[in-house]
Amino acid sequence: MNYWLMKSEPEEFGIDDLKARPNQIEPWDGVRNYQARNMLRDAMQIGDQVFFYHSNCQVPGIVGIMEIARAGYPDDKAFDPNDKHFDPKSNADKPTWFRVDVTFVKKLSRTIPLTELKQQPALSDLALVRRGNRLSIMPVSSAQWAFILSLE
DNA sequence: GCCAACGTTGGC
DNA sequence: GCCAACGTTGGC
């Protein structure tokens with residue numbers, strides 16, 4: 001069992017959007033960064049737990065938990081010329097980009113803001129709080145996971 | 001809206 | 001393969 005953190009802008013797709021989806025499941029697509037791609041494609045497994053992080057909003061922070069419902073498979077939005085995430089260099093025979101499916105688990109009782117996460121020595125190795133890090137998907141250790149939950 | 005940090009692109 | 005230019009991310 002692995003733990004992860006994934007960012008999304010709530011104005012684009014927030015945790016309430018996931019909660020409102022039929023069966024509370026959604027493909028996590030549109031990721032166009034190779035490091036993140038490798039995690040989607042190679043490392044994420046069904047049942048892995050994921051923090052849902054709201055970025056680019058009034059209070060950036062962790063707002064809930066979701067679970068991987070389907071392991072990495074090709075992101076076919078890269079094949080659609082009309083889609084915002086179209087990539088002419090990716091094709092169905094040899095896809096460049098991947099996605100997973102996630103399901104809603106729960107909202108936290110409060111948002112745990114980035115400012116608070118940054119103050120925790122126990123989280124100093126977490127990519128999220130390191131200066132200049134813009135990864136939209138990152139691994140979280142089991143110790144970090146438990147510690148963050150203890151802040152709730 | 002600003003801008004620092006970072007990834008990607010493309011000329012050479 | 002170097003590196004300047006450019007585009008994007010995302011906190012503030």
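Protein chains get the first letters and strands the later ones, always in sequence-line order, with residue 1 at the start of each.
Rounded to whole Å, the distance from CG on A/L114 to P on C/dT9 is 18 Å. Distance CZ (A/R134) to C1' (B/dC6): 4 Å, rounded to an integer number of Å. A/I62 has its CD1 atom 16 Å from the C1' atom of C/dG10, to the nearest Å. Atom CD of A/E9 is separated from atom P of C/dC12 by 15 Å (rounded to the nearest Å). In this structure, A/R130 atom CZ and B/dC6 atom P are separated by 11 Å, rounded to whole Å. Going from atom CD of A/Q35 over to atom C1' of B/dC6 covers 11 Å, rounded to whole Å. Straight-line distance from the CG atom of A/L135 to the P atom of B/dG7: 8 Å, rounded to whole Å. Atom pair A/R32:CZ and C/dT8:C1' shows a separation of 14 Å (rounding to whole Å applied).
The side chain to side chain donor-acceptor pair (under 3.5 Å) contacts involving residues 49-69 of chain A comprise A/E9-A/N56, where partners must be two or more places apart or lie in separate chains.
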In residues 145-152 of chain A, what donor-acceptor pairs under 3.5 Å come from side-chain atoms, sequence neighbours left out?
residue : atom : partner : partner atom : Å
A/S150  : OG   : A/F147  : O            : 2.5
A/E152  : OE2  : A/S109  : N            : 2.7
A/E152  : OE2  : A/S109  : OG           : 3.1

Which is it for A/W28 and A/F98 under the side chain to side chain contact (heavy atoms under 4.5 Å, CB included) test, yes or no, and what are the steps along the way?
-> CA-CA 9 Å; A/W28 201 271; A/F98 285 73; over 6 Å; no
Chi angles and distances behind the salt bridge (Lys or Arg N to Asp or Glu O under 4.0 Å) call for A/D76, A/R99 | CA-CA 9 Å; A/D76 60 17; A/R99 62 185 174 187; 3.4 Å; yes
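Contacts of residues 48-58 of chain A with DNA chain C (heavy atom under 4.0 Å): A/Y53, A/S55, A/N56.
Side-chain contact between A/L108 and A/V63 is absent, with no heavy atoms from C-beta onward closer than 4.5 Å.
Taking OG from A/S142 and OH from A/Y3, the interatomic distance works out to 6.0 Å, rounded to the nearest 0.5 Å.
One finds no side-chain N or O of A/K7 lying less than 4.0 angstrom from the OP1 or OP2 phosphate oxygen of C/dT9. Here A/K118 reaches the OP1 or OP2 of C/dC12: one of its side-chain N or O atoms lies under 4.0 Å away.
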